[in-house]
Amino acid sequence: MSEYNYAVIEKKWQKYWLDHKTFKTPDHVEGKKKFYCLDMFPYPSGAGLHVGHPEGYTATDILCRYKRMKGFNVLHPMGWDAFGLPAEQYAVETGTHPAVTTKKNVDRFREQIRALGFSYDWDREVNTTDPGYYKWTQWIFEKLYEKGLAYVAEVPVNWCPALGTVLANEEVIDGRSERGNHPVIRRPMRQWMLKITAYAERLLEGLEHLDWPEGIKEMQRNWIGKSTGAEVDFKMKFTMGGGAGAPELPSVVTVYTTRCDTLFGATYMVMSPEHPFIARWLEEGLLANAEEVKEYRRKAASKSDLERTELNKDKTGVKLEGVTGVNPVNGVELPIFISDYVLASYGTGAIMAVPAHDDRDWAFAKKFGLPIIEVVRRAGDVESLPLQAAFTDCATGTMVNSGFITGLSVEDAKAKMIAWLEEKGVGHAKTQYKLRDWLFSRQRYWGEPFPVIHMADGSTKLVPAEDLPLTLPELADYKPTGTGEPPLAKAAEWVNYTDPKTGEKGVRETNTMPQWAGSCWYYLRYIDPHNDAAFADPAKLKEWLPVDLYVGGAEHAVLHLLYSRFWHKVLFDLGLVPTDEPFQRLVNQGMILGMAYKTSRGVLVPMDKITWREGKPYGAEDGGEEELLTEFPAKMSKSLKNVINPDDVIRDYGADSLRLYEMFMGPLQAVKPWSTKGVEGVFRFLKRVNKLVTETPIADRPLTKAEAKVLNATVKKVGEDLESLNFNTAISAMMVFLNEFPATTGGSGAPEPLPREAVEKFVLCLAPFAPHLGEELWQFLGHAGTLAYEPFPAYDPAALVEDEVEIPVQVLGKLRGRVTVPATADAAAMRAAAEANPDVARFLAGKTIVKVVCVPKKMVNFVVRP
RNA sequence: GCUGGAGUGGCGUAAUGGCAGCCGCAGCGGACUUAAAAUCCGCUGGCCGUAAGGCCGUACGGGUUCGAGUCCCGUCUCCAGCACCA
């Protein structure tokens, strides 16, 4: 064997691993530590794998192969997050059942993933659309329901009139549908909600102890959005009647504020248009400008989210005529507005406005000509200047014009104000979260059915656990109903329910669960994937949890990871999992970009419209002159035609080259552009490795000192870099070995025999990265079977000890020469050797040596004066 | 605007506060070949110089240090996420 025939080698070993179940993971091995390494499982789309998928998967695979060689019992599974919209939409268009599409896509994904030589335990494969799997998704939902964490509510959803369906937030982009670009409005509908807000504080606190990227933790913190402040009661004064005959008339508006220190600066109040009091006041005829108010409320309701936020930095609102609010700190009567810059869903849906110290209130006050009272001033500023903008710096502010808190710092003023409010019974400290309850239902077919029956008497009944899974009914067509009613409503037989014992009638819930449901707990099912009696055996969960390393894209930074943590904590509280958090360590792989080309005017030119001359790209925008194009990295996209297909790379260079290149490109976490030339580089490396091992004679002889040094340095570096996930530098170290080692073994002419020890250790180092070639060379070296469980080579520190070192010599910090000294040389010897060097002496001549810095084995630096 | 991350050769990148640019790509020169591909060897940050060598150089401006790509302060640019959350 001399040719590097990757196609043959890779097929051969993939078959071997599969046939021998090489990577089957025992539930427990006495004396072996466990290592649970998880990949974010993919949605098996019709387009197949792209080069982004293998990036994280390769990194975890290399680490898992390494950990096995280090004696760990490694759990490394793969599965499919297969519910979801694309299969359903394909079903709508073609009538093909989503299960059929899903199976086809899964088969293709599995085949592609196997072609990359990943060491998954395929006996643990899971699929969220498998009834045996979603039985337990439904079961966990029932636990949530029983715990009072699942409830039904009328909430506004993203309704797309043109598509006749409800959309998930992620399917709405800038207020329009991702598919078709139709407008989306908010419309209240009956929905299932999960009470994730009950866990807000624990989800926040739990982040402290996790080894996750700081950015991801921060994003989750922001999403949870904890703020501390106060609720303050404002009494209402009505000029039209005052509510005689309506004793329950709401006459105290509670506002939420984080700046109760600024209460003396409040000059008006704002309520959200949806605030329930407004409707009551309108009913009671307390608002003089009722028509105007109603009109504003109507307009606000019909606005899309986009119109209410981004386009609408320009404030709008209507003053309520006939009602004012009394500021509890000073008795001042404040006008009240409704405006959609106040959100109904946060805090109390009403605010006190302090335009001098809040940017939004400032903008509103300026537009409506409202008074602005300064109550916080930068410490040291004496004169009251006309404010140019809201002053919002709490750190440097001191209270002014504020009665009993004048002169205090902002922090002290808040504390004193809260104490005062509580004493007077008009307010209290309050913690708020931005996090909302999780909208958990979708008006879709291809999702988990809710195991819920709405009985005729109005009660809600769960499908008994022993009757789960509740499977999806067959449908003739999957089209949306157009009314917002889910497609399952069409399955009349399935929907109508009669209790087998009592004969009572009911209807089944026709919403389905969102795609997040199945991915919330899949890492638990891998631990015990075929268990019929429980989602997983508690003893096995105890063995394997938590996940030691979770690798995936940053796009799941918030939702998936937050939802998963929520479910996990609920299961923990029920005593069903042994840990409080699911994923101990998280790493995000960076996106792989493609190359894109643009003209001098910045017009993008797709790959297939580019002419290459002498390696340079030429192209033209429509109707323009051809010109030399500028190359830059950009997201791979169909429109730019720069998508790289892993199948093509494997065909041309092999899976080992693809794996090696994806890791060699740069740090795992970094965003980096794809380069086909770069693949050729690592391909050449593998060819040279193959040639060296198979074509050079190998002898059983001890290593020379020089050989031992190169070998041990490589083994050390590769091992350490694997532990720290620095795959790129580990590969670089192996390339250095290949460049240097043969040179150490002999002179010119006929190849010197290589020492067997060095070759074998090098092959074992390479094997986790390029497992097919690794196995093949291991076999060539005379070993039977797989190297997957061979011990990873240890290095000998003694071999790395140097007798002599070459050290730099600086004069005033500038490099002037190099000297070779014994590694044991002391400062005096180093200095003497340095001064003797002619290049150094030249710069010392005629100067006074003030100080000499000598760092043993590192460097010498002379500090001199003229 | 807020939060997180990043700025180093033509390109991807590498450097426990101690020789900036390892490794790879591209480029140049050479060997082999009728020729090409493949392969192998050498050179390759910029400027000055025949050379020895010198000067400059890690986004920009300061600072700490014998010594800064690395630490501190400030500025700019790029990427990602969030964004009327009171």
Side-chain angles (χ1 to χ4, degrees), chain A residues 213-227 229-230 255-260 262 270 272 308-310 312-315 339-343 345-354 357-361 363-364 392 432-436 554-555 557-558 588 590-591 593 595 615 631 633 660-661 664-667 669-682 684-685 687-688 691 726 728-739 806-818 839 842 850-855 857-864:
Chain A
E214 196 43 48
I216 301 289
K217 290 209 244 184
E218 200 55 31
M219 280 161 77
Q220 293 218 346
R221 284 190 198 108
N222 290 341
W223 192 263
I224 295 166
K226 182 178 182 173
S227 72
V255 305
Y256 175 72
T257 176
T258 55
R259 294 297 306 275
C260 62
T262 61
V270 188
S272 75
R308 276 187 76 145
T309 58
E310 255 170 280
N312 205 26
K313 294 290 181 191
D314 191 28
K315 302 276 183 285
S339 171
D340 58 12
Y341 88 87
V342 170
L343 308 174
S345 51
Y346 183 78
T348 59
I351 62 159
M352 64 167 193
V354 186
H357 306 292
D358 181 283
D359 294 323
R360 297 150 298 180
D361 297 345
F364 190 86
T392 57
Q432 279 289 343
Y433 300 91
K434 278 199 284 188
L435 185 68
R436 312 285 157 78
E555 65 273 20
V558 176
N588 293 123
M591 201 186 337
L593 303 176
M595 273 303 166
E631 184 182 71
L660 208 58
Y661 176 64
F664 185 63
M665 290 170 89
Q669 296 87 343
V671 175
K672 41 214 174 262
W674 181 267
S675 151
T676 298
K677 286 287 184 193
V679 188
E680 288 175 13
V682 296
R684 274 197 283 269
F685 167 68
K687 272 202 290 195
R688 288 172 61 208
K691 192 172 167 191
N726 293 120
N728 54 331
T729 50
I731 294 165
S732 169
M734 292 187 284
M735 289 174 169
V736 171
F737 176 88
L738 191 68
N739 290 341
E806 192 192 47
I807 58 167
V809 181
Q810 301 176 344
V811 177
L812 285 175
K814 278 180 184 282
L815 178 71
R816 293 307 181 190
R818 293 170 224 276
D839 288 331
R842 261 187 322 128
V850 178
K851 187 177 171 187
V852 183
V853 182
C854 292
V855 183
K857 289 192 253 185
K858 284 291 181 193
M859 46 73 67
V860 178
N861 189 12
F862 291 96
V863 186
V864 298

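First the proteins, then the strands, lettered A, B, ... as listed; each starts at 1. Values below: all heavy atoms of this structure, side chains included; hydrogens, waters and symmetry mates excluded.
Using a 4.0 Å heavy-atom criterion, one finds that A:P213 contacts no nucleic acid atom at all. Within 4.0 Å of A:Q810, counting heavy atoms only, lies at least one base atom of the nucleic acid. Heavy atoms of A:N728 sit under 4.0 angstrom from primed sugar atoms or phosphate atoms, though from no base atom. Residue contacts shown for A:S345 are absent, as no nucleic acid heavy atom lies under 4.0 Å away. At the heavy-atom level, A:K814 lies under 4.0 Å from the strands shown only through sugar-phosphate atoms. Base contact: A:E806 has a heavy atom under 4.0 Å from a base atom. Within 4.0 Å (heavy atoms only), A:D358 reaches no atom of the nucleic acid at all.
Nearest to the side chain of A:K672, among B:A86, B:G12, B:G54, sits B:G12. Of the listed nucleotides (B:G18, B:G53, B:C84), B:G18 has the atom at the smallest distance from the side chain of A:M859. Listed nucleotides: B:U13, B:A86, B:G18. Nearest to the side chain of A:N861: B:G18. The side chain of A:T258 approaches B:A86 more closely than any other nucleotide in the set B:A86, B:G18, B:C82.
For the pair A:F664/A:M735, a side-chain contact is recorded, criterion being any heavy-atom separation below 4.5 Å from C-beta on.
Here A:Y341 does not reach the OP1 or OP2 of B:A86: none of its side-chain N or O atoms lies under 4.0 Å away. For the OP1/OP2 pair of B:G54 and a distance below 4.0 Å, the side-chain nitrogens and oxygens of A:R842 include at least one atom meeting the criterion. Contact annotation: A:R816 reaches the phosphate of B:C55 (side-chain N/O to OP1 or OP2, under 4.0 Å).
The shortest heavy-atom contact between A:P673 and A:Y661 is O-OH, 4.0 Å. Taking all atoms of both residues into account, the shortest heavy-atom contact from A:P633 to A:L593 is CB-CD1, 3.9 Å.
For A:G813 and A:P667, each mapped to the nucleotide of RNA chain B holding its nearest heavy atom, the one lying further toward the 5' end belongs to A:P667. When each of A:R259 and A:K851 is assigned the nucleotide of RNA chain B with its nearest heavy atom, A:K851 is the one assigned upstream, toward the 5' end.
A:S345 OG to A:K434 NZ: the interatomic distance, rounded to the nearest 0.5 Å, is 11.5 Å. Between the CD1 atom of A:I351 and the CZ atom of A:R259 there is a distance of 13.5 Å, given to the nearest 0.5 Å.
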Give every pair of a protein N or O atom and an N or O atom of nucleotides 21-29 of chain B that lie under 3.5 Å apart, one pair per line with the distance.
unit_1 : atom_1 : unit_2 : atom_2 : d
B:C23  : O4'    : A:S732 : OG     : 3.3
B:G24  : OP1    : A:N739 : ND2    : 3.4
B:C25  : OP1    : A:R684 : NE     : 3.1
B:C25  : OP1    : A:R684 : NH2    : 2.7

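Of the candidates A:N861, A:V853, A:V860, A:N861 is the only one forming a side-chain contact (heavy atoms from CB on, under 4.5 Å) with A:Q810.
Using atom P as the reference point in both B:C84 and B:G1, the two lie 16 Å apart (nearest Å).
Anti is the conformation of B:G27, whose glycosidic angle sits further than 90° from 0.
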